[in-house]
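To start, the structure under review is shown below, and the notes come after it.
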Number of protein chains: 2
Amino acid sequence: MHVRNTKSKSLILETLKNSKQAVSHEKIQAELGESVDRATIYRVLNRFCEEGIAHRITGDDGKQYFAACLKCQGKEHRHNHLHFRCLNCGKVECLPNEIELKLPAGYRPANFNGFISGHCPACA
Amino acid sequence: MHVRNTKSKSLILETLKNSKQAVSHEKIQAELGESVDRATIYRVLNRFCEEGIAHRITGDDGKQYFAACLKCQGKEHRHNHLHFRCLNCGKVECLPNEIELKLPAGYRPANFNGFISGHCPACA
DNA sequence: ATATTATTGCGATTATATCGCATTAATAAA
DNA sequence: TTTATTAATGCGATATAATCGCAATAATAT
Ligand SMILES: [Mn+2]
Ligand SMILES: [Mn+2]
Ligand SMILES: [Zn+2]
Ligand SMILES: [Zn+2]
């Protein structure tokens, strides 16, 4: 299955990389306007996640947010960090601190998804 | 605004209390059958959260789960614990360990929502 | 017993995300 | 360069979770 480089892909990847925050589909659509179809954006984002170019986080608002993998090198993907969502301005950011996952015996973790919602410095 | 005790309310509260896991709307509806309306279940759960009888957690699957507040006494509600969702059997449980929320200066936290998904001991 | 109104049931609606399928276009092959 | 292959796209339909409007019901105060 040969991957192809398309206009949509590069536009979306650029948007992800340019943003210092995690972005929702809505945000990307707004950024790109009608130049890229809604379904295409979803599909490209899903592919990015599969390919390990981006990671997906499910917000405590139930929506999906995406962020480019910056520190992940090779096939090592670990995203054990929290995210902050501002209840006022809506922005979502990756927090620096890594979270140590402590699980009772027998549990096999596959993914971590953590959110703190509240008010960011600009909105507090 | 006087709160009233209704059949739906007690049925749903009982379901919450009897369950050792966090439950979704779907689960409650299945438990209660058609005796309680879908919208009513949602509304009762929302009221429980407002009243501090239950707490809501948004799963990394984007769905809402609810658990009765057991250790919360009075108006002190702190739910800084992680949840585990099994990718195979779908169950969601509250994990014992409390998470310490470290935020950069200026951030005002309001709510914590954390999930680890993977495989539970029974499914691993 | 009666009045008040919180709560319910039901259908319609919103919101987020995915799917099916014909068409387009990126890349490989000739 | 031209042609063939098929990954990726556009568009409308569909799926799923949750909320809303409003008339009817029923819990509680009087
Ligand atoms: Mn990564
Ligand atoms: Mn509580
Ligand atoms: Zn803000
Ligand atoms: Zn399981």
Side-chain angles (χ1 to χ4, degrees), chain A residues 1-16 22-51 53-67 83 85 87 90 92 111 113 115 117, chain B residues 1-16 22-51 53-67 83 85 87 90 92 111 113 115 117:
Chain A
M1 201 252 276
H2 289 232
V3 174
R4 294 178 185 180
N5 295 319
T6 69
K7 220 166 195 173
S8 312
K9 239 175 106 168
S10 16
L11 283 171
I12 295 169
L13 186 55
E14 221 175 311
T15 304
L16 281 180
V23 291
S24 61
H25 173 277
E26 185 188 10
K27 202 91 184 266
I28 296 174
Q29 183 80 80
E31 179 94 14
L32 302 181
E34 300 307 310
S35 62
V36 184
D37 184 68
R38 183 171 41 80
T40 299
I41 296 178
Y42 277 117
R43 282 188 280 226
V44 168
L45 288 170
N46 284 337
R47 262 182 281 141
F48 281 172
C49 291
E50 285 165 13
E51 296 167 13
I53 293 172
H55 70 280
R56 176 203 321 269
I57 42 197
T58 301
D60 53 343
D61 56 354
K63 297 206 293 187
Q64 303 188 346
Y65 294 85
F66 301 86
H83 301 86
R85 184 172 64 89
L87 296 169
V92 171
N111 216 294
N113 197 87
F115 262 82
S117 49
Chain B
M1 199 252 278
H2 288 232
V3 174
R4 294 176 184 181
N5 295 319
T6 70
K7 219 166 196 173
S8 313
K9 237 175 106 167
S10 15
L11 283 171
I12 294 169
L13 185 55
E14 220 174 313
T15 305
L16 280 180
V23 291
S24 61
H25 172 278
E26 185 189 9
K27 200 87 183 265
I28 296 174
Q29 183 79 81
E31 180 94 13
L32 302 181
E34 300 308 308
S35 62
V36 184
D37 183 69
R38 183 170 39 82
T40 300
I41 296 178
Y42 278 117
R43 283 187 282 226
V44 169
L45 288 170
N46 285 337
R47 263 182 281 141
F48 282 172
C49 291
E50 284 165 16
E51 296 168 13
I53 294 174
H55 70 281
R56 177 203 322 268
I57 43 197
T58 301
D60 53 345
D61 56 354
K63 297 206 294 188
Q64 302 188 347
Y65 295 85
F66 300 86
H83 301 86
R85 183 172 65 89
L87 297 169
V92 171
N111 215 295
N113 197 87
F115 261 84
S117 50

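So that the names make sense, note that chain A is the first sequence line, chain B the second, and so on, each numbered from 1.
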Quiz item: Between B:Ala39 and B:Arg4, who's closer to the 5' end of DNA chain D by nearest nucleotide?
Solution: B:Ala39
Quiz item: OP1 or OP2 of D:dT9 sitting under 4.0 Å from any side-chain N/O of A:Thr6?
Solution: yes
Quiz item: A:Lys63 has an atom NZ; how far is it from atom P of D:dA17, in whole Å?
Solution: 18 Å
Practice problem: Starting from P on D:dA8, measure out to CD on A:Glu51 and report it in whole angstrom. | Solution: 8 Å
Quiz item: For A:Gln29 and D:dG10, what is the distance between atoms CD and C1' respectively, to the nearest whole Å?
Solution: 12 Å
Exercise. Write down the distance between NZ (A:Lys9) and C1' (C:dT27), rounded to a whole number of angstrom.
Key: 12 Å
Quiz prompt | Nucleotide of C:dT18, D:dG10, D:dA27 approaching A:Asp37 most closely (side-chain heavy atoms) | solution = D:dG10
Self-check item: Listed nucleotide nearest any side-chain atom of B:Arg43, set D:dT28, D:dG21, C:dT18
Solution: D:dG21
Self-check item: Atom pair distance, as rounded to whole Å: CD1 in B:Ile41 and P in C:dT8
Solution: 10 Å
Quiz item: Would you say the side-chain atoms of A:Gln29 pair up with the backbone N or O of A:Ser24, donor to acceptor, closer than 3.5 Å?
Solution: no
Quiz item: Taking the six-membered ring for Trp, are B:His55 and B:His83 parallel (under 30°), tilted (30 to 60°) or perpendicular (over 60°)?
Solution: tilted
Self-check item: C:dT8 base / B:Arg38 side chain donor-acceptor hit below 3.5 Å
Solution: no
Quiz item: Which part of the nucleic acid does A:Arg47 contact within heavy-atom distance under 4.0 Å: base, sugar-phosphate only, or nothing?
Solution: sugar-phosphate
Exercise. Verify the contact: side-chain N or O of B:Tyr42 to OP1 or OP2 of D:dT19, cut-off strictly under 4.0 Å; return yes or no.
Key: no
Practice problem: Answer with base, sugar-phosphate or nothing: what part of the nucleic acid does B:Glu26 contact at a heavy-atom distance below 4.0 Å? | Solution: nothing
Quiz item: Which part of the nucleic acid, if any, lies within contact of B:Ser24, taking any heavy atom under 4.0 Å across all strands shown: a base, the sugar-phosphate backbone alone, or nothing?
Solution: nothing
Quiz prompt | Whole angstrom value for the distance that separates P of C:dA17 from CG of B:Asp61 | solution = 12 Å
Self-check item: Intermediate values then yes/no, side chain to side chain contact (heavy atoms under 4.5 Å, CB included), A:Ile28 and A:Leu45
Solution: CA-CA 10 Å; A:Ile28 296 174; A:Leu45 288 170; 3.9 Å; yes
Practice problem: Please report the C-alpha distance between B:Asp61 and A:Thr58 in whole Å, then the side-chain angles of each, then the deciding distance to 0.1 Å, and finally whether the side chain to side chain contact (heavy atoms under 4.5 Å, CB included) criterion is met. | Solution: CA-CA 7 Å; B:Asp61 56 354; A:Thr58 301; over 6 Å; no
Quiz item: Taking atom C1' of C:dA6 as reference, at what distance in whole Å does atom CD of B:Glu50 sit?
Solution: 14 Å
Quiz item: In terms of ring plane angle, is the pair B:Tyr65 and B:Phe115 parallel, tilted or perpendicular, where the classes change at 30° and 60°?
Solution: tilted
Quiz prompt | Length of the CG-P vector between B:Asn5 and C:dT5, whole Å | solution = 18 Å
Practice problem: Remember a base hit wins even if backbone is also touched, and classify A:Thr58 as base, sugar-phosphate or nothing at under 4.0 Å, heavy atoms. | Solution: nothing
Quiz prompt | Candidate pair A:Arg56 and A:Asn46, rule side chain to side chain donor-acceptor pair (under 3.5 Å), full reasoning | solution = CA-CA 8 Å; A:Arg56 176 203 321 269; A:Asn46 284 337; 2.9 Å; yes
Self-check item: Axis-to-axis angle between the two ends of the helix from C:dA1-D:dT30 to C:dA30-D:dT1 (five base pairs per end, rounded to 10 degrees)
Solution: 30°
Self-check item: Minimum heavy-atom distance B:Ile41-B:Ile12, with the two atoms named
Solution: CA-CD1, 3.8 Å
Self-check item: Pairs touching residues 23-48 of chain B that satisfy salt bridge (charged side-chain N to carboxylate O under 4.0 Å, His left out), sequence neighbours left out
Solution: B:Glu26-B:Lys63
